[in-house]
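The block underneath contains the structure these notes are about, expressed in structure tokens.
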Amino acid sequence: MSQYESEIKRRRTFAIISHPDAGKTTLTEKFLLYGGAIAQAGQVKGKKNTRAATSDWMEIEKQRGISVTSSVMQFQYDGFCINILDTPGHQDFSEDTYRTLMAADSAVMVIDAAKGVEAQTRKLFKVCAMRDIPIFTFINKMDRETRDPFELCEELEKELGIDTYAMNWPIGCGKEFKGVYDRQNRKVIHFTSNTNAKAATATEIEVNDPALADLIGAAKHSQLVDEIELLDGASCDFDMERVRHGKLSPVFFGSALTNFGVEPFLEEFLRMTTAPLPRRAGEQVVDCFDEEFSAFVFKIQANMNKAHRDRIAFMRVVSGRFDAEKEVYHMQGGKKMRLSRPQQLMAAEREIIEEAYAGDIIGVFDPGIFSIGDTLCAPGKKFLFDPIPTFAPEHFMRIRSIDTMKRKQFLKGVEQIAQEGAIQIFKTPYTGMEEVIVGVVGTLQFDVLEYRLRSEYNVELYKEGLPYEYLRWVVREDEDAQPLKEEDLLLPNDAKLVEDYKGNQLLLFASQWSIQWVTERNKGLVLAEFGGAKF
Ligand code: G4P
């Protein structure tokens, strides 16, 4: 195998998803610790409210009191080169969070063992599931009182619609958390101590070893024997193909805080995942081992430095090797170029890089030429990666500039921020140029918008909340068909026809009920939950 091939083969790029507080940061931190990327726990995030910034632009955001970054971290472990995509929590939740998942090849879903599936888990899971990427479940906080493990697995299956296969099984919980039973090797990993250092100390013992009962106690032993029987009898077979297609989620139990079960999980995860996944570009499938470089932009982070209005475009390398010395071709711009200041995040630092391989995430300085979903490839190659879906916002507002003389700055600012993908903007047939309907996935984006319009465009906003919560794209088979008019449709009072700035028509709804009402009464009307995507 050439060095080039082995570099790509050892890459793993995954996202960690969870509801806030389930332990995503703690788990990420433990991974980084095992990989030697950080020296001690607490470097990624300190105590509540004192989040240590992992990058200098996050520092800027921290000062502003807003955080809109999904960060990317790279580290090495056991010969693997791992890229972790972090998805921000509840308050920071934005469309960015969803788009970040487009750059991942698999997902680790962290579940709080006392709480089970929560709201944010559901949302993020849905996006991973629609791409059929492998989803691994880590049921965390076993060192606390938890819910019944069988019940937790059942809830995952029922609520998320994915089959589960417990790779290991917990022995007790809380203070009585003794270890896990590794189903494949039929061994018990008995946790003996945790020095809070790198890893937990553990001993392994065969499940049939008579000494096991002494080790974990007779009651726990007989419970374990019963549960193993139940598990082996009831659960579906382990099928790697189904794991690879996101139909079966391998489940692991552990405790990120005390390190119990974390390293075995990481090792098993790396063993079960594959080299970077291919991506579709129309009829073509671009494979990671294709000799020539290609990448797509999935995120644009504006305003790293206010004075320069600079932006960083984050791209996922899909194939080949990125060489900072070589020119690349920007398909949408129709131009050859050298990418400016290519950089990567290594745990706590940002680093200028010379090269990167398929699977890696790189950030490049963007003078305002890139848009979300853009394709970059080697000069001479010509293809466009399938578009990144536009996710439906859930909060809407009508906005305009208080000062009518500033209409131009207002529109310029709003359009610019929409182009970066932080907000979506719409108009109605009756809206004049001075008014815009803004949709966001997380309400924090409204604050970001208001802040940026004030500080960068000198515009103060008039805002009016709108009652809509759902957005659906109107699917037109015939691209040349006349746009629909409100009078063509039967709509209840709480639904509204709008248009985005690309001319797509959409419907806003205040309730699920209203969506159903409209689909039932308007025969032939086809609505889509995501915009612009093919899966
Ligand atoms: P998040 O990124 O998913 O939001 O969760 P995070 O890792 O920040 O963890 C949330 C809280 O849960 C933290 O406590 C963390 O220490 C705790 N935690 C994480 N994993 C475990 C675990 O395996 N067992 C137990 N018992 N607790 C765990 P906190 O008090 O809210 O914050 P901090 O003061 O410890 O930073």
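Just so you know, ligand 1 is whichever comes first in the structure, and atom 1 is the first atom listed for that ligand.
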Heavy-atom nearest option to atom 10 (C) of ligand 1, drawn from I16, T26, D21: D21
Should you measure from each heavy atom of [X], which atoms of ligand 1 turn up under 4.0 Å away?
X    : value
P20  : 4 (O)
D143 : 22 (C), 23 (O), 24 (N), 25 (C), 26 (N)
S18  : 3 (O)
K24  : 1 (P), 2 (O), 3 (O), 5 (O), 7 (O)

Answer with yes or no after comparing the ring centroid distance for [X] and [Y] against a 6.0 Å cut-off, counting only values under it.
X    : Y    : value
F191 : F177 : yes
F138 : F252 : no
Y468 : F509 : no

Does the K299 side chain pair with the main chain of F314, one donor and one acceptor, at a distance under 3.5 Å? no
Tell me which part of [X] gets within contact of ligand 1: side chain, backbone, both or neither, using heavy atoms under 4.0 Å.
X    : result
K141 : both
S255 : both
T25  : both

Salt bridge (charged side-chain N to carboxylate O under 4.0 Å, His left out) assessment of D386 paired with R279: CA-CA 8 Å; D386 285 2; R279 291 292 196 280; over 6 Å; no
Testing I17, V127, I16 one by one against T87 for a side-chain contact (heavy atoms from CB on, under 4.5 Å), which residue passes?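 For T87, the side-chain contact (heavy atoms from CB on, under 4.5 Å) check succeeds only for I17.
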Quickly, which of F370, F322, F385 forms a side-chain contact (heavy atoms from CB on, under 4.5 Å) with L376? Name it, please. F370
Purely on distance, is any nitrogen or oxygen of [X] under 3.5 Å from one on ligand 1?
X    : answer
G23  : yes
L257 : yes
L27  : no

Any side-chain heavy atom of M272 sitting closer than 4.5 Å to one from S106? no
